[in-house]
Asker: 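My questions all concern the structure below.
Because only heavy atoms are used, hydrogens play no part in the values below, and waters and symmetry mates are left out as well, while side chains stay in. Remember, it's a predicted structure, so these values are computed and weren't measured experimentally.
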Amino acid sequence: MPHQSRREFFHGPPTTNPYMDLAWPFGKLEGLDCDDIREAAYEIFFTACRSSPGFGGRNVLTFHSSHDNGDGGNGSGPSSPGRRANNGAATINPTSKIKRALGASISGFSPAAGLGFSTLKPLNSRRPLTSAEIMKQQMRVTEQSDNRLRKSLMRTLVGQMGRRPETIILPLELLRHLKPSEFNDLYEYHIWQKRQLKILEVGLLLYPSIPTDKSNPLVIRLREIIRAGDLNPIDTSKNSDMMRSLCNVVVSLAWRGTNGTPTDVCHWVDGYPFNIHMYISLLQAIFDVKEEIMVLDEVDELLELMKKTWSILGINRSIHNACFTWVLFQQYVVTNQIEPKLLSAAYTMLTEVEIDARKPDKETTYVKVLSSMLVSIKSWVEKRLLYYHECFNKGNIDEIENLLPLALFSAKVLSEDVGIMEGEGSKKGDVMLVDSTSDCLDRYIRSSVKNAFAKMIENENVKHTEENGGPSVALLDLAKETEDLAAKERELFSPILKKWHPIAGGVAAVTLHQCYGTVLKQYLAETIMLTDEIVGVLQRAEKVEKVLVQMVVEDSEECDDGGKGIIREMIPYEFDSTRLKLLRQWIDERLKKEKELLCRVKETETWNPKSKSEPYTQSCMELMRSANQMVKDFFDIPIGITDDLILDLAEGLKLIFQEYITFVASCGSKESHLPELPPLTRCNHDSKFFKLWRKANPCSVGIQDMHQIITSERNHTRPSMSRGTQRLYVRLNTLHYLISHLHSLDKTLTLSPKVSTTRTHLGDSHKHCGTSPSHFKHVNTLIQSACDHVSEVAAYRLVFLDSKLVFYESLYVGEVGNARIRPLIKVLKQNLTLLTAILTDKAQALATKEIMKASFEAFVLVLLAGGPSRFFERSDHEMIEEDFESLKRVFCTCGEGLIPEDVVQSEAEPIEGVIALMGQSTEQLAEDLSIISRETSGTGATSPGQKLPMPPTTRKWNSGDPNTILRVLCHRNDREANQFLKKEFQLPKRK
């Protein structure tokens with residue numbers, strides 16, 4: 001499988017760059033582009049100002065407008081022109097309220113330090129431009145278009161010089177008075193005509209100030225005419241039916257009232273948002289087309305003239321203020337935010353908007369304009385504030401001071417005033433729920449920090465791959481970048497944001513802490529084993545946390561609650577519990593591997609020694625080597641180790657060792673090697689074996705020859721120990737190997753200097769004796785028990801299986817004098833010699849002792865359960881006693897005091913008691929058996945004819961055991977014993 005070259009190590013929130021384009025809040029007009037709107041706006045502006053100097057009038061005529069209610073005197077609206085220049089040119093009053101408003105700002109700019117102003121000059125003339133010329137130039141109107149407009153107005157107003165401009169349906173008049181001959185060609189005329197028809201459609205059908213019914217015949221007819229004009233130019237001559245129909249339809253719709261009846265007010269371009277598009281197109285003319293950040297020096301005059309369009313467009317002072325605010329802000333955005341004074345001027349106008357918004361009984365159109373405009377401004381500003389780490393740097397950091405008030409103020413106006421549009425807060429006393437300034441700042445800070453952090457994660461995912469460090473290196477780098485981001489926040493942004501939020505730096509630090517904590521948690525969740533890399537990541541994360549905590553503490557000193565609220569959000573990374581969890585996972589994983597190793601060695605173990613110098617199993621060495629390496633690696637982990645963790649590790653190892661010890665000790669039992677006890681019979685002089693013996697030469701040469709034949713192979717000085725028995729002693733070596741190495745392992749776990757806590761639960765009980773606590777005390781006990789068991793099974797196998805030819809199957813067979821113990825002693829000594837060569841020094845004493853016990857039991861079984869091939873005379877007692885002394889002497893002299901003489905004597909005493917019974921008379925034995933049997937059975941004295949109870953076989957052979965005495969009598973070769981056994985127990989004769 002190919003190695004994955006790259007993957008994303010961390011996952012964070014998406015880092016899509018904020019959409020920085022300013023959203024147009026007033027919708028799109030279907031079928032009209034910006035050029036169409038600009039030309040139509042100029043035509044309306046020129047028509048409204050036709051009586052002003054420069055527009056065709058020689059004197060200032062009275063301006064009749066139902067919307068002119070003295071608004072011009074307000075500081076935020078247009079003021080009266082200051083003075084008129086010769087030749088009709090307008091000059092500006094240096095104390096203009098508008099210029100002062102545009103020059104001031106929230107940042108304390110003085111008028112002199114405010115917006116820049118420029119004066120337009122004609123290309124081929126030294127005289128100042130008239131207002132009409134300025135607007136024509138600003139709105140990019142051609143001379144030909146301007147001339148056609150002037151001609152149309154002159155023809156329209158012939159004999160009607162006092163006609164109010166709002167009563168002129170300008171597109172209709174232009175269609176009536178301009179002919180195709182006044183254009184360069186028919187195509188140009190057709191394009192122009194379609195624009196005029198489209199304006200009528202938009203103003204009267206699509207966005208009328210008074211809604212229309214689609215089924216209205218007038219509406220249907222106007223649509224038909226417009227569709228006809230799309231294909232070919234319509235005939236606009238005086239005699240044209242199409243033109244007469246168009247005039248009738250347009251006039252009827254424009255002079256229609258709310259109930260459909262005719263009225264004295266004309267509505268053809270005052271529907272929302274058509275009127276706003278037109279008016280904003282005019283307002284944009286105040287900016288120099290060559291230097292877009294400059295406001296024309298003639299701004300007062302131009303705004304005063306634009307006021308004349310209010311009655312046509314349905315504009316009032318409040319709507320003007322909202323639109324003017326939008327135009328200033330929009331200009332700031334489209335000029336790439338290089339002139340912050342435009343932003344300051346927009347804020348200044350927004351304060352006027354707030355005053356308007358607080359007025360009761362606001363018009364629906366105004367609410368729509370204001371809410372749309374504020375939502376767009378607020379959205380654009382917030383997109384930058386929510387990503388202020390990406391949008392601002394040392395070069396433009398001051399811009400935040402202008403944007404923040406604008407965002408907060410927009411939100412305030414929207415929530416407190418414009419909310420009435422949705423029916424909230426309309427009743428007196430209602431209170432809108434408004435986020436506080438701190439809440440807004442809190443949201444900006446948290447969002448921007450999260451976005452900046454997500455960007456760092458994205459960069460780390462790109463930079464780091466599996467080949468060049470992987471997630472650990474990526475997280476270490478991320479820690480450094482997190483600290484750098486915190487430093488940048490503290491030095492660059494927090495001093496500014498703190499003006500609106502008392503703990504701005506603290507909020508940023510808490511957010512960074514949460515972001516890094518999330519990534520750290522994700523990293524640790526994918527971690528199974530604790531490694532040096534992970535420890536390094538934790539140590540680096542701990543440093544990051546200290547830096548962020550210190551940042552919160554420093555920022556919260558002046559807070560009313562001392563910063564307790566923000567600090568409570570800072571949930572600690574809990575490194576101690578994390579390390580503890582990872583260490584436990586590490587322990588569990590390593591113990592799992594140790595368990596797997598145990599299973600493997602159990603399946604492959606053959607119980608062969610590794611070598612002569614290492615007489616124990618390979619499996620034990622592998623297991624202990626792995627355990628020692630685990631403990632070493634455990635203490636090499638560069639973090640504090642606690643007693644609880646050591647106990648967990650020791651407990652896991654203890655269970656593994658216990659299972660292995662049980663496996664080693666699973667070698668059967670001694671009972672599987674013990675011969676079955678033959679049935680009790682009485683010795684019979686007439687038995688076949690006895691007759692065979694009697695037929696032989698009285699010198700008993702035949703019996704001696706037979707014994708030699710039976711034991712001929714055992715007379716060679718070779719050990720009888722089989723391979724199977726030798727493997728049992730390899731098991732015993734393995735157990736002693738465990739004992740020695742467990743002691744070393746236990747010492748390492750107990751006395752390591754890396755333990756970070758005091759042992760109270762383990763150590764106190766050992767203080768008085770100066771010893772260290774043992775983690776494997778129970779294991780050592782189990783090993784000792786296993787050693788006893790393995791030694792016992794091996795000994796019984798050696799004696800009863802490997803040595804049965806020279807021991808149980810030949811000793812004292814036939815006649816005692818001819819089957820003495822000497823051949824057995826030779827073989828036994830050779831077995832003990834081989835035993836010392838196989839076993840380690842510490843294992844020899846126990847193994848030898850168990851062989852002694854097995855040999856003694858085999859010896860007594862020869863005497864008491866030797867079967868029909870053995871019978872004894874009372875006179876054999878001395879030879880048997882002498883042979884047993886020889887057997888004892890073998891173990892007393894074996895090795896260098898492997899078995900103390902007192903131990904040998906203690907084990908021999910019961911056997912010697914049995915041998916002593918063999919020296920007693922038959923009468924004495926019968927009497928003792930009768931007394932002891934009655935006492936043990938509780939029958940007391942027996943009446944004549946009552947038989948003795950059969951004593952149970954306990955296999956605890958001793959002189960006081962009735963079953964032992966009975967078996968001595970069974971092997972006694974005399975008439976008295978035969979008769980006693982027949983009488984009391986009805987035992988059968990030997991065959």
Side-chain angles (χ1 to χ4, degrees), residues 675 700 703-704 706-708 710-721 795-796 798-836 844-845 847-866 869-920 957-959 964 968 971:
S700 66
I703 293 298
Q704 184 176 5
M706 184 178 66
H707 179 73
Q708 289 176 352
I710 295 173
T711 61
S712 61
E713 291 188 12
R714 295 303 159 205
N715 286 330
H716 299 292
T717 55
R718 291 187 304 170
S720 63
M721 188 183 298
Y796 275 75
L798 175 64
V799 171
F800 287 97
L801 181 63
D802 299 344
S803 304
K804 66 179 179 178
L805 287 177
V806 294
F807 207 150
Y808 188 72
E809 292 184 356
S810 61
L811 182 64
Y812 303 147
V813 170
E815 192 174 69
V816 173
N818 294 327
R820 300 286 295 273
I821 203 170
R822 184 181 299 274
L824 169 63
I825 295 298
K826 290 182 180 180
V827 174
L828 181 60
K829 286 182 177 180
Q830 290 299 317
N831 283 335
L832 291 176
T833 300
L834 178 59
L835 182 72
T836 56
Q844 292 175 11
T848 305
K849 180 181 177 181
E850 290 299 327
I851 292 175
M852 177 191 71
K853 292 168 65 176
S855 299
F856 286 179
E857 185 167 359
F859 190 87
V860 77
L861 284 177
V862 167
L863 301 179
L864 301 178
S869 63
R870 291 184 177 89
F871 55 89
F872 302 102
E873 305 288 343
R874 182 178 181 185
S875 59
D876 295 335
H877 166 263
E878 292 182 0
M879 288 185 291
I880 294 172
E881 190 174 46
E882 182 182 338
D883 285 349
F884 188 67
E885 287 296 326
S886 298
L887 184 62
K888 285 169 54 180
R889 196 178 306 113
V890 170
F891 294 104
C892 288
T893 59
C894 179
E896 298 180 0
L898 285 178
I899 308 177
E901 288 189 18
D902 58 338
V903 174
V904 176
Q905 185 57 42
S906 176
E907 293 291 337
E909 283 180 0
I911 314 303
E912 290 175 341
V914 173
I915 296 173
L917 289 176
M918 299 182 72
Q920 294 181 8
W957 317 118
N958 62 81
S959 59
T964 301
V968 172
H971 287 79

Asker: What are the two closest non-hydrogen atoms of T964 and V914, and how far apart are they?
Answerer: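 Nearest heavy atoms, T964 then V914: CG2-CG2, 3.8 Å.
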Asker: Are F891 and L828 close enough that some pair of their side-chain heavy atoms sits under 4.5 Å apart?
Answerer: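 In short, these two side chains touch, coming nearer than 4.5 Å.
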Asker: Could you give the distance from CD1 (I899) to NZ (K849), rounded to the nearest 0.5 Å?
Answerer: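 One gets 8.0 Å once the value is rounded to the nearest 0.5 Å.
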Asker: Can you tell me which residue among L864, L863, I915 is in a side-chain contact (heavy atoms from CB on, under 4.5 Å) with V968?
Answerer: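 Looking at L864, L863, I915, the match for V968 under the side-chain contact (heavy atoms from CB on, under 4.5 Å) is L864.
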Asker: Considering only heavy atoms from C-beta outward, does the side chain of E878 approach that of M918 to under 4.5 Å?
Answerer: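 They are not in side-chain contact.
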Asker: Measure from the side-chain N and O atoms of D876 to the backbone N and O of E873, and report whether any donor-acceptor pair falls under 3.5 Å.
Answerer: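 Checking the backbone N and O of E873 against the side chain of D876, a donor-acceptor pair under 3.5 Å is found.
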Asker: Check whether any side-chain heavy atom of L801 sits under 4.5 Å from a side-chain heavy atom of Y808, and report yes or no.
Answerer: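 Contact flag for L801/Y808 side chains = no.
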Asker: Rounded to the nearest 0.5 Å, what separates atom OG in S886 from atom CZ in R822?
Answerer: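 Going from OG on S886 over to CZ on R822, the span is 7.5 Å.
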Asker: Supply the atom-to-atom distance L798 CG to F807 CZ, rounded to the nearest 0.5 angstrom.
Answerer: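 It comes to 10.5 Å.
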Asker: If you look at every heavy atom in R820 and P823, which pair is closest and at what distance?
Answerer: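 Residues R820 and P823, closest heavy atoms: O-CD, 3.5 Å.
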Asker: Tell me, with the steps shown, if N818 and E815 meet side chain to side chain donor-acceptor pair (under 3.5 Å).
Answerer: CA-CA 6 Å; N818 294 327; E815 192 174 69; 3.0 Å; yes
Asker: Show the nearest heavy-atom pair for residues L887 and I825, with the distance to one decimal.
Answerer: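 Nearest pair, atom of L887 first, then I825: CA-CD1, 3.9 Å.
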Asker: So, the side chain of N831 versus the backbone of S720: is there a donor-acceptor pair under 3.5 Å, distance only?
Answerer: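 Such a contact is found between N831 side chain and S720 backbone.
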Asker: In Å, rounded to the nearest 0.5 Å, how long is the span from CG of L811 to CG of L861?
Answerer: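 Those atoms lie 11.5 Å apart.
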Asker: Could you please spell out the steps behind the side chain to side chain donor-acceptor pair (under 3.5 Å) verdict for Y796 and E857?
Answerer: CA-CA 9 Å; Y796 275 75; E857 185 167 359; 2.3 Å; yes
Asker: Would F872 and H971 count as a side-chain contact (heavy atoms from CB on, under 4.5 Å) if you check the C-alpha gap in whole Å, the side-chain angles of each, and the deciding distance to 0.1 Å?
Answerer: CA-CA 6 Å; F872 302 102; H971 287 79; 3.7 Å; yes
Asker: With the side chain counted from C-beta on, respond yes when F859 and I821 share a heavy-atom pair under 4.5 Å apart, and no when they do not.
Answerer: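 In contact.
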Asker: I'd like to know if the side chain of E907 and the backbone of K853 have a donor-acceptor N/O pair within less than 3.5 Å.
Answerer: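 No, E907 side chain to K853 backbone: no donor-acceptor pair under 3.5 Å.
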Asker: Which pair of heavy atoms, one from A916 and one from H877, lies closest together, and at what distance?
Answerer: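 That would be CA-NE2, 3.9 Å.
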Asker: Is R889 reaching over with its side chain to a backbone N or O of F884, donor-acceptor style, under 3.5 angstrom?
Answerer: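 Between the backbone of F884 and the side chain of R889 there is no qualifying donor-acceptor contact (under 3.5 Å).
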Asker: Test your reading of the model: is there a side-chain donor-acceptor pair from T833 to the backbone of K829, 3.5 Å cut-off?
Answerer: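 It does hold such a pair.
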Asker: Would you say CD of E901 has more than 12 non-hydrogen atoms from neighbouring residues, nucleotides or ligands within 6.0 angstrom?
Answerer: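 Open: at most 12 neighbouring heavy atoms sit under 6.0 Å from CD of E901.
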Asker: Which atom pair, heavy atoms only, marks the closest approach of S855 to V799?
Answerer: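 Heavy atoms only, the tightest pair is OG-CG2, 3.7 Å.
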Asker: Could you tell me whether the side chain of I880 reaches within less than 4.5 Å of the side chain of Y812, counting heavy atoms only?
Answerer: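 Touching, per the 4.5 Å side-chain cut-off.
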Asker: Distance from K888 atom NZ to M852 atom CE, nearest 0.5 Å?
Answerer: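 Interatomic distance, K888 NZ to M852 CE, rounded to 0.5 Å: 10.5 Å.
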Asker: Looking only at heavy atoms, which two atoms of F856 and I911 are closest? And how far apart?
Answerer: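 Of all heavy-atom pairs spanning F856 and I911, the closest is O-CD1, 3.8 Å.
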